[in-house]
Amino acid sequence: MDAKDNYGVNIVPVDDKAAGVAQPAEPVGFWAKLDKWIQLDSVSEAGNSNHDLDPVPVEERTWYARHFALFWISDHLSVSGFRTAASVMAIGLSWKLSLVCIALANLVQGVVITANGIGGSQYNIPFSIQSRASYGYYLSYLMIVMRMIVGIFWYGVQTYTGAECVQSMIYAIWPSFHNVKNQLPESAHITTQFMISYIVYFITCLPFHYVGVHKVKWLFLLKSITTPIVAFAIMGWIISQVGLGETSLFKQGNTVSGTTLAWAFMSGLNSNIGGGTTLMVNAPDYSRYARRRSDTYVTALAIPFTATIITFIGVVVASGSKLLYGKILWDPLLVIDHWTSKGGRAAAFFCALSFYFSQLGLNIAANSLAAANDMNCLFPKYINIRRGQFITAFVGSWALTPWNILTSAPAFLNFMAGYSVWLGPLCGVLIADYYIVHKRKYDVYELYDFNGIYRYKYGFNWRAFAAFTIGWVPLLPGFIPTVSSSTAIVGMVHLYKVGFFYGFGAAVLSYAVICKFWPAKETYVERAVTIDDERSDVVDIESSGSFGEKRPLE
């Protein structure tokens with residue numbers, strides 16, 4: 001009986017030696033042998049795909065609606081989630097208006113992430129492959145690199161936060177750790193104490209990068225059980241100690257008014273939406289593992305609901321900290337560091353441990369898996385998702401030295417925070433191409449064919465590039481003053497404060513209009529072609545190569 005591969009393709013065993021088929025020569029020389037050794041076993045014969053880049057087979061589509069809900073619950077219920085309201089209230093909004101601002105921002109995030117993820121669940125492919133349909137084979141690489149850079153950068157920043165969780169755990173176990181003498185120079189921008197915590201966090205994270213992405217959902221389940229308990233427990237303890245307090249943040253109204261208040265609200269709204277543009281772009285990286293397309297729809301509700309809840313908890317905790325410690329502490333780790341009694345230290349340890357897992361899951365979900373998928377597409381012969389995650393971990397955590405960025409490079413941090421100037425239009429083109437131009441009808445086989453219909457001329461879809469450019473160029477005059485001392489016209493600054501709405505909307509509209517008048521007709525297909533539709537129509541092959549070699553019968 002003939003064997004079958006993951007796609008139901010008949011694999012005909014052939015004795016090459018008996019048939020007189022020439023065998024490939026063994027590699028000669030050190031570099032040739034090294035190249036052969038580091039190549040992936042699952043790489044296609046053409047070297048343009050591997051198992052992790054191929055469409056997800058049925059048996060690996062293990063994410064149900066509950067897993068997507070848990071994914072987003074665990075993403076928001078984190079140390080970063082506690083701090084969300086701080087930046088919005090700092091620009092003049094009351095806690096109530098800040099809550100509205102953050103809820104609206106996450107509602108927009110939820111809708112766009114869900115919309116862009118549907119393509120991944122339909123064709124079971126990552127963002128890097130789907131982007132070829134709209135940008136072309138080569139231009140898509142530029143978009144992939146842009147997304148990968150963001151993932152690596154924020155991985156390093158989130159690793160720093162994870163190290164803070166470890167530091168709080170060590171404080172709880174060994175209070176004497178507070179007194180560890182610093183052996184590093186001031187120019188290092190990091191202390192011996194924190195470097196120890198950083199190394200511990202980094203090493204303990206590595207095993208989780210080894211877990212397959214279709215199995216990592218169990219980490220999100222753990223986070224979603226422990227972190228809400230801890231978050232509500234901290235809030236409950238704060239309320240039991242001081243109530244809501246007459247001088248708390250709950251008594252603080254808007255500190256600005258009129259048009260200044262309106263633009264402050266829009267700035268906060270745009271900033272919070274921008275923080276999720278990375279997840280908007282790479283939504284297919286996770287939705288491709290959905291059992292059914294409808295399982296991903298819960299995202300649209302889970303994101304705004306959980307973000308609003310954790311923001312409210314953060315305001316309560318910060319408000320109470322003002323009365324307890326004389327200063328506003330938006331960071332829950334700083335709050336639990338004050339728990340110095342024997343019972344308090346035990347509680348502080350378990351709270352910090354929960355935040356540790358929360359931060360770990362957040363970094364894997366939002367950064368390492370995304371960057372790994374991008375590397376997988378750029379170097380399919382050598383890098384799969386597992387290897388890509390390890391590369392992201394070492395580059396993001398050590399090559400970028402996030403402690404230097406966070407303490408001495410505010411301009412660069414502002415630049416990365418404003419990266420949505422480019423990611424918003426990038427995502428807009430993807431949405432417009434999938435829903436408006438191609439009407440959700442792609443041929444998944446052609447997406448993996450270097451000379452297929454989605455190659456466009458020279459591998460470059462000028463329509464997508466034009467729409468992408470229209471989306472980000474007008475935002476630059478308002479963006480530049482955030483990273484330099486230059487001044488800008490007030491109107492340009494206001495445009496930048498609604499940058500996501502302009503960039504995303506302009507890209508969607510311009511791409512749809514350009515394709516209406518100058519359509520790439522060769523890329524249009526009569527019906528959607530997925531691996532499930534075509535399983536019985538695929539030609540027999542004589543090897544277990546990857547999806548790159550499988551072609552439907554003409």
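For this chain, numbers begin at 1 and follow the sequence in order.
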Taking the six-membered ring for Trp, is the centroid-to-centroid distance between [X] and [Y] below 6.0 Å?
{"X": "F479", "Y": "W422", "answer": "yes"}
{"X": "F501", "Y": "H494", "answer": "no"}
{"X": "W63", "Y": "F68", "answer": "yes"}
{"X": "F504", "Y": "F500", "answer": "yes"}
{"X": "Y137", "Y": "Y454", "answer": "no"}

Verdict with reasoning, L333 to I336, per side chain to side chain contact (heavy atoms under 4.5 Å, CB included)
CA-CA 5 Å; L333 296 173; I336 64 176; 4.0 Å; yes
Heavy atoms of other groups near [X] [atom1], more than 12 under 6.0 Å:
{"X": "Y297", "atom1": "OH", "result": "yes"}
{"X": "F465", "atom1": "CZ", "result": "no"}
{"X": "F232", "atom1": "CZ", "result": "no"}

Do the non-hydrogen side-chain atoms of [X] and [Y] ever get within less than 4.5 Å of each other?
{"X": "M143", "Y": "V281", "value": "no"}
{"X": "L426", "Y": "F127", "value": "yes"}
{"X": "S287", "Y": "I118", "value": "no"}
{"X": "L430", "Y": "S131", "value": "yes"}
{"X": "L93", "Y": "L261", "value": "yes"}
{"X": "T277", "Y": "C427", "value": "no"}

Do any pairs count as a salt bridge (charged side-chain N to carboxylate O under 4.0 Å, His left out) and have a residue in residues 120-146, sequence neighbours left out, and if so which ones?
none
How would you list all residue pairs meeting salt bridge (charged side-chain N to carboxylate O under 4.0 Å, His left out) that involve residues 83-97, not counting sequence neighbours?
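Every pair satisfying salt bridge (charged side-chain N to carboxylate O under 4.0 Å, His left out) with a residue in residues 83-97: R83-E164, R83-D331.
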Is there a donor in the side chain of [X] and an acceptor in the side chain of [Y], or the other way round, less than 3.5 Å apart?
{"X": "Y442", "Y": "D433", "result": "yes"}
{"X": "N50", "Y": "N376", "result": "yes"}
{"X": "H76", "Y": "N106", "result": "yes"}
{"X": "R463", "Y": "N461", "result": "yes"}
{"X": "S128", "Y": "D374", "result": "no"}
{"X": "H51", "Y": "S42", "result": "no"}
{"X": "W72", "Y": "T299", "result": "yes"}
{"X": "Q389", "Y": "S368", "result": "yes"}

How long is the gap from CG on L107 to CD1 on I102, to the nearest 0.5 Å?
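Atom-to-atom, L107:CG and I102:CD1 are 13.5 Å apart.
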Would you compute the distance between atom CD of E60 and atom OH of Y289 and round it to the nearest 0.5 angstrom?
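Going from CD on E60 over to OH on Y289, the span is 7.0 Å.
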Using a 6.0 Å distance limit plus a 45 degree cone around the ring axis, check whether R387 lies over the aromatic ring of F390.
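No, R387 and F390 do not form such a contact.
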Can you see whether Y210 has R386 sitting over its ring - NZ or CZ less than 6.0 Å from the centre and within 45° of the normal?
yes
Indicate yes or no for a side-chain donor-acceptor contact from [X] to the backbone of [Y] under 3.5 Å, with no hydrogens or angles considered.
{"X": "D52", "Y": "I385", "answer": "yes"}
{"X": "T308", "Y": "P304", "answer": "yes"}
{"X": "N124", "Y": "P55", "answer": "no"}
{"X": "Y456", "Y": "A133", "answer": "yes"}
{"X": "R291", "Y": "V58", "answer": "yes"}
{"X": "S271", "Y": "S267", "answer": "no"}
{"X": "N363", "Y": "Q359", "answer": "no"}
{"X": "D443", "Y": "V529", "answer": "no"}
{"X": "S420", "Y": "L423", "answer": "no"}
{"X": "N272", "Y": "A105", "answer": "no"}

Run the numbers on F355 and F82 for ring-ring contact (aromatic ring centres under 6.0 Å, His included), then give the verdict.
CA-CA 11 Å; F355 286 130; F82 272 81; 5.7 Å; yes
Qualifying residues under side chain to side chain contact (heavy atoms under 4.5 Å, CB included), relative to F202, sequence neighbours excluded:
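Applying side chain to side chain contact (heavy atoms under 4.5 Å, CB included) to F202 gives L206, A393, F394, S397, W398.
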Out of Q122, K439, Q130, which one pairs with Y434 under the side chain to side chain donor-acceptor pair (under 3.5 Å) rule?
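Looking at Q122, K439, Q130, the match for Y434 under the side chain to side chain donor-acceptor pair (under 3.5 Å) is Q122.
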Pair H438-Y511, ring-ring contact (aromatic ring centres under 6.0 Å, His included): steps then yes or no
CA-CA 12 Å; H438 284 103; Y511 185 71; 8.1 Å; no
